[in-house]
Amino acid sequence: MTVTETHCPYCALQCGIRLTPEIPRVRLEPAEFPVNRGGLCAKGWTAAELLDHKDRLLTPLVRKDPADRRSPLREATWDEAMERIVAAIRASQQAYGPDSVGAFGGGGLTNEKAYTLGKFVRVALRSASIDYNGRFCMSSAATAANRALGVDRGLPFPLEDLAQARTVLLVGANPADAMPPSMQYLDAGRAEGARHIVVDPRLTATAKGAYRHLQPLPGTDLALANGLLHIAIREGLVDEEYIRDRTTGFDAVRAAVNSYWPGRVERMTGVPEAHLRETVRLLATGKPAMILTARGAEQHSNGTDTAQAYLNLALALGLVGRPYSGYGTITGQGNGQGGREHGQKADQLPGYRRLDDPAARAHVAKVWGVDPDELPRPGKSAYEMLDRLGTDGGVRVLLVLASNIAVSAPHANHVIDRLRALDLLVVSDIFLSETAALADVVLPTAQWAEEEGTMTNLEGRVIRRRRALPPPPEVRTDLRFLKDLADRLGRGEYFTDEPREVFEELRRAGAGGIADYAGITWERVDAEQGVFWPCPSEDHPGTPRLFADGFPTPDGRARFVRVEHRDPHEMPDRHYPYVLTTGRTMQQYQSGNQTRRVAALSVAMPEPRVELHPDLARRHGIADSDMVELRSRRGRAFFRARLNPGIRPDTVFAPFHWGGDNAVNALTDPALDRHSRMPAFKACAVAIARTEEPGGNC
C-alpha cells in the first residue's frame with residue numbers, strides 16, 4: 001500500500017498526517033510533523049470520512065428551469081454548466097460592465113488556487129470584484145501588524161517557541177478547543193513554571209488551565225490593553241532602551257494611554273485593578289514573554305485598533321524580535337495565511353503587494369504578460385461586495401469557491417437575500433452547502449486528498465498538500481475549472497491547471513514582495529518539512545523568526561500607533577439588554593459544511609448550545625437544555641441552553657457552525673472596522689427568551 005504524507009484539511013496548524021488507501025476507505029494516521037508531533041484533534045482523526053461521503057457532489061448541477069431558482073437542481077454535463085456560466089458572464093459584462101462579475105474565495109484554498117483565482121478575476125474577467133472569507137478572519141490583525149511591523153505573518157516565530165516563553169498573554173483565543181494539538185507547547189511551558197493569562201469573557205477550556213483569567217466585557221479589549229500600557233509606564237516597566245533604539249512614535253502613544261488609569265479601566269472592562277497590575281508585572285518581569293491575540297479581540301468594529309493596542313504593549317515592553325518573545329496572532333483557517341498573500345483580497349496582488357502601487361502593478365503585470373493599465377483598481381471588501389449583490393453598480397454574476405457565506409457572513413439573512421438577487425450564482429464545493437443550495441450552477445470540486453498544492457500555516461511555514469488518490473470521474477479541481485472558463489472566455493493563454501506550474505509562476509510574481517516565496521521550491525518543502533517565508537532565493541534558509549535584526553519598514557523601526565477605545569457599534573439597551581459573542585467548538589469547524597456530516601463529531605456535538613450564566617437564566621425562567629430564542633435588530637435564532645457559571649452574567653455565547661434556525665450570524669452586526677473592513681462578529685446586542693419550539697428567522 002502506498003503511504004502519502006500530507007496535511008489535515010482543517011485549521012491553520014496544518015498538522016502532518018499519513019494516508020493509506022485501503023478497502024473500504026482511506027486509513028488516516030498522525031505524522032511526526034514539527035507542528036503536531038504526532039497529535040491530532042477529533043476533526044483531524046475523522047477527516048478521511050469525507051472522502052467517500054454519501055453526500056459528496058459527483059456531477060455538476062443546474063436548475064431545471066434556468067429562469068426559476070426555485071426549480072430543482074438536476075445533474076448536468078460540464079459543458080452545459082460551463083455554457084450557462086459563460087453566457088451569463090458575457091451578458092452581464094456587456095450590460096453592466098466588467099465589475100458586474102466577481103468572485104468570493106476562501107482561506108481553505110491552496111496557494112496555487114488562491115493565486116489563480118485572483119489572477120483570473122483581474123486578467124480573464126478584467127474585474128475589480130473579488131474578496132474572500134479571510135476578510136472575516138485575519139484582516140484586523142493583519143492591518144495592525146503591517147502598520148506597526150511592516151509585515152503581516154500571523155506568528156513571526158515557530159509554534160514551538162511558545163514552550164520557552166515564561167509568560168504568555170492570550171487575548172480572545174481558545175486553542176484548547178480550536179487547535180488542540182497546539183496545546184502541547186503551552187502545556188510544556190506551564191510544566192516548566194510558565195504563567196499564562198487568558199483574556200476571555202468565558203471560562204474556556206484554555207482559561208481553565210491558565211494561571212489567571214481576565215474576564216472583560218466583549219468589545220473592551222482595547223481599553224484593557226491601553227490600561228496595561230498605562231500601568232507599565234507609571235511603574236517604570238517599559239523598556240526605554242528598546243523603544244529608543246528600535247521604534248518610533250512612542251510619545252504619542254504615551255500621551256494617549258495617560259487617561260487609562262487602572263480604576264477607570266476596571267469600570268470599563270470589569271477586570272479588577274489588582275489583576276491588571278499583576279498582568280503587567282508578569283509580562284515585564286517574567287521574560288521571555290509573548291502576547292497573542294485572536295478573533296475574540298479582533299472581530300470588532302475597532303478590531304484593528306485593538307490589535308494595535310496589544311502591539312503597542314508588546315513593543316513598549318521590548319518583546320518583539322527577542323528570543324521566545326513577541327507579538328503574534330493565531331490564524332484560524334487552513335490557509336488563512338497563504339490565502340491573503342497571493343491576490344484574493346480586493347486590494348492586493350501576489351507577494352502581499354498593494355494593487356494601487358504602480359511598481360507592484362508593473363511587476364505582476366510583467367509576470368502575467370499583460371499591460372499594467374489592464375489591471376483593475378482595488379474593489380470592494382467582502383461584506384461591502386456582498387451587501388451590493390444584484391443591485392445597480394454591484395456584482396450580478398458571482399463565483400464562490402471554498403466558502404459558505406450563507407452561514408459565515410454577518411447579517412446572514414440579508415446576505416442570503418442578496419445572493420437570491422443575483423442574475424447567476426455559481427458555487428464550487430464538495431457538498432451541497434447552504435450557499436450551494438441557493439446557486440444556479442453547482443460544480444463538484446476535488447477534495448484535499450485528491451489534489452496537489454501548497455499551504456502556508458499559522459507560522460508562515462509553506463507546506464505541501466500531496467495527492468493520495470484521484471478524484472471521482474466527473475469531479476475536477478478548481479484549477480481546471482478556472483482554466484477551462486478562461487479558455488471559453490478567450491483568455492486561456494494566461495492560465496494553466498498544473499499546480500506546480502502555477503507555483504513556479506507564483507514564485508516569480510511574489511519575488512521581492514513582503515511575502516517573498518522566490519526561494520521556495522517543492523523539493524525544498526519536501527526535504528525541510530516546510531520552508532518559512534520570506535525566502536528570497538534558493539540558497540536562503542528561510543526565516544522562521546522575524547525582527548531579530550530590524551523591521552521591514554522604511555527606517556527599519558517598528559511603529560507605535562496611537563489608538564483610543566471606542567464603544568462597540570451596537571450597545572445593549574432596554575430592548576436588547578445583553579451582549580452576544582460568538583466562537584468555535586472543538587467538534588465543529590467554520591460553517592460546519594464538512595464537520596456536521598461526520599458521524600462521530602455530530603454525536604459529540606449534535607446541535608449548537610447558547611451559554612448563559614445561571615443567574616441570567618434564572619431571571620428568564622430558563623433551565624439547562626431549554627429552548628432559547630435570541631433576538632437582535634437583524635433577526636432571531638434558536639438554541640438549547642447550556643448553563644455555565646464561567647461566563648459573564650451580561651454576556652451570552654453561541655457557536656457559528658450552523659445555519660437555518662440555528663444561524664447565529666442571522667444576529668451579528670455587519671458594522672465594519674474602518675481600517676480592515678472586518679465585521680463586528682464578536683459583539684452585538686440581543687434579547688433572550690425561553691421558547692417551546694423554534695420558528696422561522698425574521
Side-chain angles (χ1 to χ4, degrees), residues 3-20 26-51 107-108 110 153-165 168 170 173-191 205-206 209 290 292 294 324 328-338 448-449 453-466 468 525-532 542 544-545 584-590 594-595 598 600-601 604:
V3 178
T4 301
E5 298 267 353
T6 187
H7 296 271
C8 175
Y10 290 117
C11 80
L13 289 179
Q14 288 296 287
C15 294
I17 58 174
R18 293 188 183 92
L19 295 179
T20 307
V26 172
R27 177 160 56 90
L28 184 154
E29 299 173 306
E32 287 293 328
F33 192 68
V35 173
N36 58 308
R37 293 179 175 174
L40 282 180
C41 72
K43 296 186 288 290
W45 275 109
T46 58
E49 293 185 25
L50 298 172
L51 295 172
T110 63
R153 200 179 85 186
L155 293 184
F157 38 72
L159 196 65
E160 65 187 25
D161 283 10
L162 270 65
Q164 306 301 319
V168 180
L170 286 157
N174 183 19
D177 279 350
M179 296 178 168
S182 70
M183 289 301 293
Q184 62 185 295
Y185 300 104
L186 293 171
D187 292 344
R190 285 200 304 270
T206 306
M290 293 180 179
L292 304 177
Y324 311 119
T329 184
I330 302 174
T331 304
Q333 294 190 76
N335 201 29
Q337 181 68 56
W448 55 282
T454 60
M455 308 280 278
T456 306
N457 81 345
L458 79 171
E459 312 162 295
R461 184 197 302 259
V462 181
I463 53 95
R464 264 242 286 145
R465 176 175 282 184
R466 299 175 181 86
V525 170
D526 291 347
E528 300 171 32
Q529 292 191 299
V531 180
F532 293 84
R545 296 172 180 85
R584 302 173 185 269
T585 68
M586 181 184 292
Q587 294 81 8
Q588 302 294 338
Y589 180 71
Q590 297 297 91
Q594 297 174 69
T595 50
V598 177
L601 301 178

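Because the structure is predicted, anything quoted here is derived from the model rather than measured. Along the sequence shown, residues carry numbers from 1.
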Set of ring pair (Phe, Tyr, Trp, His ring centres under 6.0 Å) partners for Tyr589, sequence neighbours left out: Tyr10

Derivation and outcome, side-chain contact (heavy atoms from CB on, under 4.5 Å), residues Lys43 and Gln594: CA-CA 10 Å; Lys43 296 186 288 290; Gln594 297 174 69; over 6 Å; no

For the student: nearest non-hydrogen atoms of Asp161 and Met290, plus distance: O-CE, 3.5 Å

Is there side-chain contact between Leu292 and Leu162, with at least one heavy-atom pair below 4.5 Å? yes

Would you please name every residue forming a side chain to side chain donor-acceptor pair (under 3.5 Å) with Gln14, sequence neighbours left out? none

Find the distance between CG (Leu601) and SG (Cys41) and round it off to the nearest 0.5 Å. 8.5 Å

Compare all side-chain heavy atoms of Gln587 with those of Thr595 and state whether any distance is below 4.5 angstrom. no

Can you name the closest pair of heavy atoms from Ala205 and Asn174 and give their distance? N-OD1, 3.9 Å

Would you confirm whether Asp177, through its side chain, and Thr585, through its main-chain N or O, come within 3.5 Å as a donor-acceptor pair? no

Inter-residue atom distance Leu28.CG - Leu51.CG, 0.5 Å rounding: 8.5 Å

Who pairs with Phe532 by ring pair (Phe, Tyr, Trp, His ring centres under 6.0 Å), at least two apart in sequence or on another chain? none

Nearest non-hydrogen partners of Leu155 and Gly328, listed with the distance: CD2-CA, 4.1 Å

Min side-chain heavy-atom separation Val168-Tyr185 under 4.5 Å: no

Determine whether Pro180 and Met586 make a side-chain contact, defined as any pair of heavy atoms from C-beta on separated by less than 4.5 Å. yes

Any idea which heavy atoms bring Gly16 and Leu40 closest together, and the distance? O-CD2, 4.5 Å

Contacts of type side chain to side chain donor-acceptor pair (under 3.5 Å), residue Gln529, not counting sequence neighbours: none

Should Ser182 and Leu13 count as side-chain neighbours, where that means a heavy-atom distance under 4.5 Å? yes

Distance check, rounded to the nearest 0.5 Å: Arg153 atom CZ versus Arg545 atom CZ? 9.5 Å

If the condition is side chain to side chain donor-acceptor pair (under 3.5 Å), which residues does Arg461 pass it with, not counting sequence neighbours? Glu459

A side-chain contact here means heavy atoms from C-beta on lying under 4.5 Å apart; do Glu29 and Val3 qualify? no

When rounded to the nearest 0.5 angstrom, what is the spacing between CG in Leu186 and CG in Leu170? 6.0 Å

My understanding is that only one of Arg464, Gln337, Arg465 makes a side chain to side chain contact (heavy atoms under 4.5 Å, CB included) with Met455; could you say which? Arg465

Can you confirm whether Leu458 sits close enough to Met179 that some side-chain heavy atom of one is under 4.5 Å from a side-chain heavy atom of the other? yes

Answer yes or no: is there a side-chain heavy-atom contact under 4.5 Å between Thr110 and Thr454? no

Rounded to the nearest 0.5 Å, what separation is found between the CH2 atom of Trp448 and the OG1 atom of Thr6? 6.5 Å

Could you pull out all residues at least two apart from Glu528 that satisfy side chain to side chain donor-acceptor pair (under 3.5 Å)? Arg524

Counting only N and O atoms by type, is there a donor-acceptor contact under 3.5 Å from the side chain of Gln184 to the main-chain atoms of Pro181? yes

Do you know which two heavy atoms are closest between Asn36 and Pro30, and how far apart they sit? ND2-CB, 4.5 Å

Asp526 CG to Arg466 CZ distance, which is reported to the nearest 0.5 Å: 4.5 Å

Nearest heavy-atom pair of Ala173 and Ala294: which atoms, and what distance? CB-CB, 3.6 Å

